[in-house]
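Here the structure comes first, spelled out in structure tokens, and everything after it is commentary.
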Amino acid sequence: PHGTLTVCITGGAGQISYSLLPLIASGEVFGHEQPIELRLLDIKPALEALNGVVMELHDCSFPLLRGIVATDDPMVAFRHADVAVLAGSFPRRPGMERRELLAKNVNIFKAHGHALDQVASKNVKIVVVGNPSNTNALVLSHFAPSIPKGNITALTRLDHNRTVSQVALRTGVSVNDVDGVAIWGNHSATQYPDMTRATAKGELAMPMLGGRKVVAEEIIPCIQKRGAAVLKARGFSSAMSAANAIGDHLRSWLMGDSKIVSMAVASDGSYHVKAGVYFSFPVRCVGGGEYEIVQGIELGEFSRKYVSATTEELFAEREEALSLL
Ligand code: NAX
């Protein structure tokens, strides 16, 4: 028999949460036997909207949903949390400087890190979604010293899924038949969607994709700028696909995955990325919240220049964030 899993979502009244909640509460993420208690955190001005979300959750009458707490107090929201999805963050306003945005988010992730450190389960599994997600994860871990760094991740599964999908569309196979893609580095425009070892139905995909020139000039920029393209088309940033990716990330991480996936995790010197940042790597998830960074991949010259650019950006973001603490 399963005990109840306490799942906390910050930015509970936001659009990603709205798409994620039915996946979690219906059993799609943690399995159809796993009872769930939800904790929804948002800020005071959003509490009325959050209450509407709670009403709708009740109206869904999900059999696995054993309780809902909606609050603006992180100490209440994170109490005994087993899983925390951190989507609550300060949005970029027109004309806002990057540093100003970073400063707002440093404060949020400082407060949330502190609260998680105090009241969450020591085994809590955390996925940071709010941007800049890798650096927010770093700030969080700094203020949550009692939570193992390996329990903190940032989301790059959306970028990974976008890459899988582009390879499938462009080689004419189904997404199930694509393997071997990876996202390296920051969840930003410097991310490196790596297709050099991708296979479509077991065959190397690069030639079918049109070779290095097409990959470099067309496909990589398409994935790097996909978020902006969705925002431009929809008038809102990606939410359905982001929620779907969060579900995939948590399912792979907690239940295991036969395929290699991408997650931003604490760097440990693998691939010359020194410890000190949250960096997306290809990882193998064996289940139960354990992962290992896949070792031994030969990064050719083509890949190395992308990996160094995104590494440099992450260490620069790290410096900037640390200067704001
Ligand atoms: P929304 O603006 O719809 O929702 C954000 C919610 O967070 C709002 O309800 C807001 O009131 C709340 N919030 C703000 N400060 C808070 C605080 N201190 N504590 C708790 N809640 C707080 O954004 P949404 O579209 O849901 O996106 C959420 C975040 O995900 C954004 O930062 C966005 O940039 C980021 N994304 C990250 C992605 C990734 O792959 N890592 C992809 C999707 C998305 O762009």
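Order of appearance sets the numbers: ligands from 1, and atoms from 1 within every ligand.
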For A84 against V124, the heavy-atom pair lying closest together: N-CG2, 4.2 Å
Sole residue of D72, V54, L47 in side chain to side chain contact (heavy atoms under 4.5 Å, CB included) with L40: V54
Under 4.0 Å from ligand 1 - residues by heavy atom, chain and number: G11, A13, G14, Q15, I16, L41, D42, I43, A46, A87, G88, S89, I108, H112, V129, G130, N131, S133, L155, L158, H187, S237, S238, A242
Shortest non-hydrogen contact between V106 and V139, atoms and distance: O-CG1, 3.7 Å
Aromatic plane relationship, F281 with F279 - under 30° parallel, 30 to 60° tilted, over 60° perpendicular: tilted
Listed partners of V294 passing side chain to side chain contact (heavy atoms under 4.5 Å, CB included), at least two apart: I260, P282, R284, I297
CA sep, side-chain torsions, deciding dist, call: H142, F109, ring pair (Phe, Tyr, Trp, His ring centres under 6.0 Å): CA-CA 10 Å; H142 188 88; F109 284 84; over 10 Å; no
